[in-house]
Each structure stands twice: as C-alpha cells, then as structure tokens.
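A short worksheet on the structure shown next.
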Amino acid sequence: MNSREIHLKRRPNGVPTAADFELATVPVPSPKPGEMLVRNVFMSVDPYMRGRMVERESYVPPFRLGAALEGGAVAQVVESNGGPFPVGTYITHMAGWREYAVIGGTGVMPIDPKAPLSAYLGVLGMPGMTAYAGLLKHGQPKEGETVFVSAAAGAVGSLVCQIARIKGCKVIGTAGSDDKVRYLLDEVGCDHALNYKTAGDLTKAISAKLPGGVDIYFENVGGAHLVAALNVMRPFGRIAVCGMIDQYNATTMPEGPGNIVQVIPKRLNIRGFIVSDHYDMLPAFMTDMSQWIAEGRIKWRETVYEGIESATDAFVGLFQGENLGKAVVRLGPDKL
Ligand SMILES: NC(=O)c1ccc[n+]([C@@H]2O[C@H](COP(=O)([O-])OP(=O)(O)OC[C@H]3O[C@@H](n4cnc5c(N)ncnc54)[C@H](OP(=O)(O)O)[C@@H]3O)[C@@H](O)[C@H]2O)c1
C-alpha cells in the first residue's frame with residue numbers, strides 16, 4: 001500500500017511557497033512489534049511549524065529536508081502489531097502531513113469519537129489548551145478587567161476572547177478583515193473588535209474603545225500590535241506572549257518596540273510561554289472546556305481544506321489570514 005505525504009524540499013526564505021514543498025508517494029511499511037498503522041482523518045496546520053522549517057536550535061528540532069513534515073493529526077488505528085490501541089480506536093498523534101503512518105505509542109492519546117474529530121486539533125486540542133493555559137496562568141484575569149487579543153479570529157485567539165468573557169472580562173480583539181471583525185462581535189462575543197489593516201493608529205483605535213486602558217494583552221502577532229499594547233496597558237498589566245506571527249517570515253531582524261521602556265513605569269509583567277510547559281493543566285482544561293462547550297458558552301469555527309494536496313495551501317494561508325478559526329486539512333472520511 002502507498003501513502004501520500006508532504007516533504008520539505010528546501011528551507012523557505014520569507015513567506016513559504018508551493019516550491020518549498022513536495023507531494024511524495026511512498027510505500028507504507030508494515031508495523032513492527034509494538035507499532036500501529038493509522039489512517040489520518042484530519043491534520044493540523046499551525047504557525048509554529050514555520051519555525052521548524054528553519055535550521056536552528058529551538059524548543060523543537062527543525063524539520064528534515066526530503067522527509068515528511070510532522071504535526072498534530074487525528075487518526076484511526078487500522079492495523080496493530082501489539083500496539084498500544086486496538087484497531088478502530090481514534091487517536092491524536094504527531095505524524096500528520098501524510099495519509100497513513102506507522103507509529104508507536106509516544107505522543108499518542110485516545111479520543112472520544114462522539115465529539116467532532118477535528119475539534120481535537122482545535123478547541124479540544126493544542127490551540128484550546130494554549131488559550132486556556134496562556135490566559136489563565138499568565139494573564140491571571142479578574143472579573144471586570146479588560147483584555148486585548150490579537151489574531152483574535154484565529155484558532156487560539158477566538159478561544160482566548162471567549163474564556164476571558166467567561167471570566168467576566170471586557171474583551172477587544174483585532175483581526176485582518178471586516179468579516180472577521182463581524183465574527184468577533186456577533187459570534188465570539190467580543191465587546192469591541194478592530195480591523196488592524198484599516199483601523200489606522202492602533203493605540204488611538206484601542207484607546208477610543210477602551211479609554212481606561214487594558215489589563216491583559218494576549219500577544220499572538222508582535223510588531224505594531226505589541227507597540228500599541230505597551231501604550232494602552234494599565235499599571236501592573238500582564239502580557240502573555242503566545243506568538244509573534246508578524247515575524248515568522250521576516251528575512252531581517254525587525255527593530256524592537258521603541259516604547260518597551262513603558263514596562264518600567266507601568267510595572268508590566270511580560271511572560272512568554274509554550275503550551276507544553278503547562279500539561280499539568282490538561283485535565284482541568286478538558287473538564288472546563290467540555291463543560292463550557294456543553295453549556296454553549298464556547299463556540300468555534302474551522303476552515304477545512306480538502307485532501308493532502310491542499311495541505312501546503314492551508315499552511316501558507318495562515319500567513320495571509322485565509323483561515324477563520326482553526327485551519328485543518330481533511331485527509332479521509334471519519335469512518336471507512
Ligand atoms: N506558545 C505556544 O505554545 C503557542 C501554541 C499555539 C499557537 N501559538 C501562536 O499563537 C498565534 C496564533 O496561532 P493560531 O494557531 O491560533 O493561528 P491562527 O490565529 O488560527 O492563524 C494565524 C492568523 O494570524 C493572522 N496573521 C497572519 N500574519 C499576520 C501578520 N503579519 N500580522 C497580523 N496578523 C497576522 C491571520 O489572521 P488575520 O486575518 O487576523 O490577519 C491568521 O489567520 C501564533 O503566533 C502561534 O505561533 C503559540
């Protein structure tokens with residue numbers, strides 16, 4: 001049997017293009033003792049994968065050239081050679097970017113197939129956990145506070161906004177289109193939303209909506225967003241630095257925010273984090289998020305791309321704002 005998978009052909013320079021990737025057809029090996037053959041149903045594309053395309057030391061090793069990319073996926077076990085889960089089990093694992101994979105038990109978790117399978121790559125998966133841990137641990141939201149979220153219509157941002165609302169905060173979100181702004185106001189429940197591409201000076205635009213300033217900034221973007229956040233933060237504010245997608249394709253090091261000095265008089269706490277630092281919060285996250293979903297207090301959207309051949313478009317689309325909510329690629333039917 002053959003499987004199709006996406007290889008990294010060369011390391012992207014700037015925004016990745018189709019020429020950086022290759023769709024390869026490869027034979028699927030038989031599972032060795034302790035292994036399983038799994039059929040991927042959905043795979044995730046995430047902004048952090050851009051960092052793994054660069055040859056450098058980081059918290060995860062770089063992707064290898066000429067080899068399949070890796071990333072979160074939801075799969076069904078189709079053959080087991082004494083592997084950890086029986087045939088038919090739905091799991092999440094890290095051998096995405098391919099139709100079939102032979103895996104052991106490392107990084108594999110069984111899932112409840114009663115929830116939509118793709119949700120385990122978004123609201124019930126890594127982005128949901130990122131929003132939950134980042135906001136609650138590093139934002140420390142208190143009732144009545146104000147929260148500013150960038151990339152607010154994306155996978156992580158849309159959940160941060162809703163969790164902040166659940167915690168009794170007032171929320172302002174930014175996104176890159178008027179449709180996304182409407183989504184933030186009408187579905188996500190933001191108190192205010194701005195299209196950062198047309199809002200003009202972000203500091204003025206945020207201050208016009210929240211004259212009293214912002215207690216928490218959930219940072220997904222960097223650049224002009226961080227400059228504006230530093231300007232509008234209230235004393236003793238917290239900045240939870242989740243990502244800086246504005247820099248991921250930069251070919252030269254951007255200038256630092258000229259107003260960083262504001263951390264001193266405002267006594268700001270700026271804290272970067274990686275979701276995997278907080279796996280101790282996973283049980284609480286699953287309990288709270290499942291309850292909020294059941295109560296209708298958390299809603300989510302997905303942008304679904306069809307077929308392995310669309311995976312690179314899905315990935316590159318993240319940097320062009322093409323996704324609303326979580327971007328996923330469907331690789332096969334839920335059930336065979
Ligand atoms: N620290 C961690 O453990 C961790 C875990 C997961 C994610 N993250 C980070 O969290 C952030 C959001 O990730 P996600 O998975 O939820 O992605 P996402 O928000 O679903 O997708 C990325 C979005 O970023 C916006 N964007 C892209 N380039 C931009 C730019 N130059 N300036 C402003 N906005 C831009 C686009 O929306 P617009 O249309 O609004 O521009 C795009 O839809 C990323 O920075 C990611 O690296 C960190």
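Numbering of ligands and ligand atoms starts at 1, following listing order.
- Among Glu5, His93, Glu99, the one residue that satisfies the side chain to side chain donor-acceptor pair (under 3.5 Å) test with Asn40 is His93.
- If you look at Glu322 next to ligand 1, there are no close heavy atoms at all, none under 4.0 Å.
- The heavy atom nearest to atom 32 (N) of ligand 1, considering only Val45, Thr174, Val221, is found in Val221.
- Residue Lys180 places at least one N or O, backbone or side chain, under 3.5 Å from an N or O of ligand 1.
- Counting only heavy atoms of the protein, atom 34 (N) of ligand 1 lies nearest to Tyr196 OH, 3.2 Å.
- Residue Val275 approaches ligand 1 through these ligand atoms, each under 4.0 Å from one of its heavy atoms: 2 (C), 3 (O).
- The distance from ligand 1 to the heavy atoms of Ala175 drops below 4.0 Å at these ligand atoms: 40 (O).
- The closest protein non-hydrogen atom to atom 16 (O) of ligand 1 is Val156 N, 2.8 Å.
- With respect to the salt-bridge test (charged N to carboxylate O, under 4.0 angstrom), the residues Lys209 and Asp191 do not qualify.
- Note: no N/O pair closer than 3.5 Å links Gly157 and ligand 1 by distance alone.
- With respect to atom 36 (C) of ligand 1, the closest heavy atom belonging to the protein is Gly321 CA, 3.5 Å.
- Close contacts between ligand 1 and Phe273 involve ligand atoms 1 (N), 2 (C) [criterion: under 4.0 Å to a heavy atom].
- Look at Lys326 and Asp46 and you find a salt bridge, because one of the NZ, NE, NH1 or NH2 atoms lies within 4.0 Å of a carboxylate O, short of that distance.
- For Gly134, the closest heavy-atom approach to ligand 1 does not fall below 4.0 Å.
- Ligand 1 is approached by Cys242 to a heavy-atom distance shorter than 4.0 Å.
- By the 3.5 Å distance cut-off applied to N or O atoms, Lys197 is not counted among the residues near ligand 1.
- At distances below 3.5 Å, not a single donor-acceptor pair connects side-chain atoms of Asn81 with backbone N or O atoms of Gly34.
- Nearest protein heavy-atom contact of atom 42 (C) of ligand 1 is Leu318 O, 3.1 Å.
- Here the protein heavy atom with the shortest distance to atom 21 (O) of ligand 1 is Asn323 ND2, 3.3 Å.
- Under the 3.5 Å distance criterion, the side-chain polar atoms of Thr303 are matched with a main-chain donor or acceptor of Leu324.
- Here the protein heavy atom with the shortest distance to atom 13 (O) of ligand 1 is Pro47 CG, 3.7 Å.
- Of the heavy atoms in Thr130, only side-chain atoms (C-beta onward) come closer than 4.0 Å to ligand 1.
- By the side chain to side chain donor-acceptor pair (under 3.5 Å) test, Tyr217 pairs with Ser150, Glu219, sequence neighbours left out.
- Closest protein heavy atom to atom 24 (O) of ligand 1: Ile245 CD1, 3.7 Å.
- Relative orientation of the Phe273 and His278 rings is tilted, given thresholds of 30° and 60° on the angle between their planes.
- Taking the six-membered ring where tryptophan is involved, the planes of Phe21 and Trp97 are essentially parallel, since the angle between them stays under 30° and well short of 60°.
- Atoms of ligand 1 found under 4.0 Å from any heavy atom of Ile274 (numbered from 1 in listed order, with element): 1 (N), 3 (O).
- One finds a salt bridge joining Arg301 and Glu187 here, because a Lys/Arg side-chain nitrogen approaches an Asp/Glu carboxylate oxygen to under 4.0 Å.
- Closest to atom 45 (O) of ligand 1, if we only count protein heavy atoms, is Asn220 O, 2.9 Å.
- Looking only at side-chain heavy atoms (C-beta outward), His7 and Phe63 stay at 4.5 Å or farther from each other.
- Annotation: side chain to side chain donor-acceptor pair (under 3.5 Å) contacts of Gln162 (sequence neighbours excluded): none.
- When heavy-atom distances to ligand 1 are checked against a 4.0 Å cut-off, Gln320 has no atom that comes that close, whether in backbone or side chain.
- Looking at Glu145 and Arg234, no side-chain N of the basic residue comes within less than 4.0 Å of a carboxylate O on the acidic one, giving no salt bridge.
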